[in-house]
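Everything below concerns the one structure shown next.
All values below come from the heavy atoms of this structure, side chains included, with hydrogens, waters and symmetry mates left out.
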Amino acid sequence: VRAAIVQRQQQQAMRQQYIIRLQQEKEANKPQTEKVETPKHPMVGLSKREDGNYNIVNQRETLKNVPKTEVISRIQTFIESLSQNKACIDKFGRRYTSCTCMQFLQNKPLVQLAMCHAILEYSDMTHVQKKHHNVERLRYAKMVSKMTPRERQSKKKTEQLFALPLSYRYLENNRVIVDASSVTETAVDDDSSHPLSSQEQQQQISEAFSHRVCEASWLRLLNIGHHAEKVHKQYIAGNLSIITHQNTGKKRKRKAEDAIEDLRASLQALHDEYINSSECNRKGDEFTLPVSISKRNYYESWCREKGWEPIKVDTANGQYAKVKDFELLDGYYKTEELASLAEAEGRHVVGVAKEVISFANFNSSWNDLFPNMKTQGRIGRGLFIGDSYGSGKWDRNR
């Protein structure tokens with residue numbers, strides 16, 4: 001029996017080693033997915049000024065009064081980076097597709113500049129004009145598409161159904177569209193200095209007009225995101241209902257401006273009272289208020305001045321309830337109507353309670369408005385942070 005148990009254990013160990021070896025071979029033979037680096041579109045945060053220049057405000061940069069020539073240069077750099085890729089990038093920016101339609105733009109600066117001006121003209125459109133522009137082109141692409149729904153869902157094949165965005169105004173100003181024999185003057189636009197003859201320019205433009213790109217590249221050129229594409233395709237399908245955002249109808253959470261202004265005035269008075277007081281300890285520009293003043297005590301007294309009694313749900317941690325759960329003090333009412341009705345009935349009336357904010361907003365407002373006005377941290381009862389007292393931790397009930 002013992003020999004049989006040992007033999008069975010050996011067989012299980014060999015089987016486990018075999019499974020591990022198969023997994024290692026499978027991982028080694030698995031094709032590694034190449035990392036796709038999608039260039040950032042220069043139209044993100046782009047807005048036109050009244051003087052003809054542009055502002056660029058996004059998470060990466062904030063530029064004001066950018067000239068048109070610099071914006072055109074940014075867009076051309078973006079188009080050139082797309083043309084240098086080994087293949088087109090899918091609409092989500094995750095992988096390369098089997099399409100290489102953007103490589104047509106390599107070493108064609110005239111076509112790239114015509115596209116830059118067309119993209120900039122598109123960015124200057126209103127929201128409704130952009131929607132009409134995109135919906136018409138998506139409708140046409142859907143009509144001429146020869147792919148079956150199954151092939152479209154598999155995403156293994158791509159179709160080139162979208163024309164390149166080219167600016168007719170730019171081409172006319174540069175005398176590219178007219179016949180070469182009628183060109184006797186130099187180009188009007190400053191960007192027209194190309195080392196190509198008129199015949200070669202017309203040949204490139206003619207090829208550009210007949211060239212088609214895939215849907216992913218067209219969406220990326222015009223900076224059409226996934227949500228906007230979904231809305232456009234719903235319009236094409238006949239669904240004209242407005243897509244409702246998930247936060248539509250929800251009340252926006254924001255700080256009460258009146259309460260913030262009142263708090264600013266109250267803290268300013270406290271600051272002016274103790275800025276030159278001998279009771280405060282000083283360290284550079286900062287000064288520490290007397291121990292009798294703490295943020296929580298001051299917050300509670302400020303709330304009581306406005307007619308509210310703050311409620312603590314966790315006394316040990318000093319956690320307050322929500323502002324809407326604060327209780328009204330005796331003689332205070334929420335509205336003028338309730339106060340006048342109570343006065344008519346002969347009840348005690350002090351006034352109408354004013355709006356207050358939560359302790360978190362109070363604390364952040366204190367730190368933002370008066371960062372140099374500090375309070376003394378306390379540990380337990382009557383002990384202060386220092387070399388001789390406490391463990392060096394701040395008391396939550398300060």
Side-chain angles (χ1 to χ4, degrees), residues 1-42 44 58-61 77-107 138 141-142 145-162 211-234 236-237 239 243-247 314 316-317 319 391-394 396:
V1 173
R2 185 177 300 173
I5 294 174
V6 172
Q7 184 180 4
R8 185 176 179 181
Q9 291 177 350
Q10 293 177 353
Q11 291 177 354
Q12 291 178 351
M14 293 175 61
R15 183 180 179 184
Q16 189 69 21
Q17 292 177 359
Y18 176 73
I19 293 175
I20 293 175
R21 187 169 62 254
L22 285 180
Q23 291 178 351
Q24 292 176 351
E25 293 177 356
K26 186 177 180 181
E27 290 292 333
N29 297 330
K30 184 178 179 180
Q32 296 182 357
T33 57
E34 186 176 357
K35 184 178 180 181
V36 178
E37 295 183 359
T38 306
K40 299 296 182 182
H41 203 290
V44 176
N58 51 46
Q59 294 181 352
R60 294 177 285 119
E61 57 185 356
T77 304
F78 172 74
I79 295 175
E80 180 66 24
S81 63
L82 292 180
S83 66
Q84 295 298 330
N85 289 331
K86 68 175 186 180
C88 297
I89 306 173
D90 67 343
K91 64 183 68 175
F92 300 102
R94 299 171 183 169
R95 61 182 181 86
Y96 290 108
T97 62
S98 59
C99 178
T100 58
C101 60
M102 290 298 292
Q103 294 182 1
F104 166 80
L105 300 173
Q106 292 181 3
N107 303 322
L138 288 170
K142 184 178 180 181
S145 176
K146 298 180 180 180
M147 290 177 60
T148 62
R150 179 175 295 180
E151 290 175 341
R152 194 175 293 108
Q153 290 179 359
S154 64
K155 300 180 181 180
K156 293 183 179 180
K157 293 176 60 179
T158 56
E159 287 183 305
Q160 291 80 23
L161 304 175
F162 294 86
H211 184 70
R212 297 292 182 267
V213 295
C214 60
E215 182 181 6
S217 298
W218 181 77
L219 293 173
R220 181 160 284 105
L221 284 173
L222 297 183
N223 194 29
I224 302 175
H226 179 62
H227 178 73
E229 178 201 358
K230 181 179 178 181
V231 174
H232 297 335
K233 290 187 176 180
Q234 286 187 0
I236 295 172
N239 182 9
I243 295 180
T244 305
H245 194 270
Q246 59 181 355
N247 290 328
D314 190 352
N317 294 322
Q319 184 179 359
S391 60
K393 297 180 180 179
W394 291 89
R396 287 189 172 183

Test of understanding: with side chain to side chain donor-acceptor pair (under 3.5 Å), list the residues that count as partners of H232, not counting sequence neighbours. N134

Straight-line distance of C88 SG to Q103 CD, nearest 0.5 Å: 7.5 Å

With sequence neighbours excluded, residues passing salt bridge (charged side-chain N to carboxylate O under 4.0 Å, His left out) with K233: E215, E229

Could you tell me which residues satisfy side chain to side chain contact (heavy atoms under 4.5 Å, CB included) with R2, sequence neighbours excluded, listed by chain and number? none

How many angstroms lie between CE in M102 and NE2 in H211, if you round to the nearest 0.5 Å? 7.5 Å

At what distance, to the nearest 0.5 angstrom, does NZ of K91 lie from SG of C214? 10.0 Å

Evaluation steps, side-chain contact (heavy atoms from CB on, under 4.5 Å), between R212 and C101: CA-CA 7 Å; R212 297 292 182 267; C101 60; over 6 Å; no

Taking atom CD of Q17 and atom CD1 of I19, what is their separation to the nearest 0.5 Å? 11.0 Å

All N/O donor-acceptor pairs, side-chain side in residues 218-225, below 3.5 Å, sequence neighbours left out:
unit_1: R220; atom_1: NH1; unit_2: I89; atom_2: O; d: 3.1
unit_1: R220; atom_1: NH1; unit_2: D90; atom_2: O; d: 3.3
unit_1: R220; atom_1: NH2; unit_2: D90; atom_2: O; d: 2.9

Please work out which of the three classes, parallel, tilted or perpendicular, describes the rings of F78 and H41, given edges at 30° and 60°. tilted

Considering residues at least two apart in sequence or located in another chain, which fulfil the side chain to side chain contact (heavy atoms under 4.5 Å, CB included) criterion with Q7? Q11

Can you check whether L82 reaches S217 side chain to side chain, under 4.5 Å on heavy atoms? no

Q16 and Q12 side chains, donor-acceptor separation under 3.5 Å: no

If you round to the nearest 0.5 Å, how far is CD of E80 from CG of N107? 7.0 Å

Can you name the nearest heavy-atom pair linking F162 to A141, along with the distance? CZ-CB, 3.5 Å

Show every salt bridge (charged side-chain N to carboxylate O under 4.0 Å, His left out) that has at least one partner inside residues 5-20, sequence neighbours left out. none

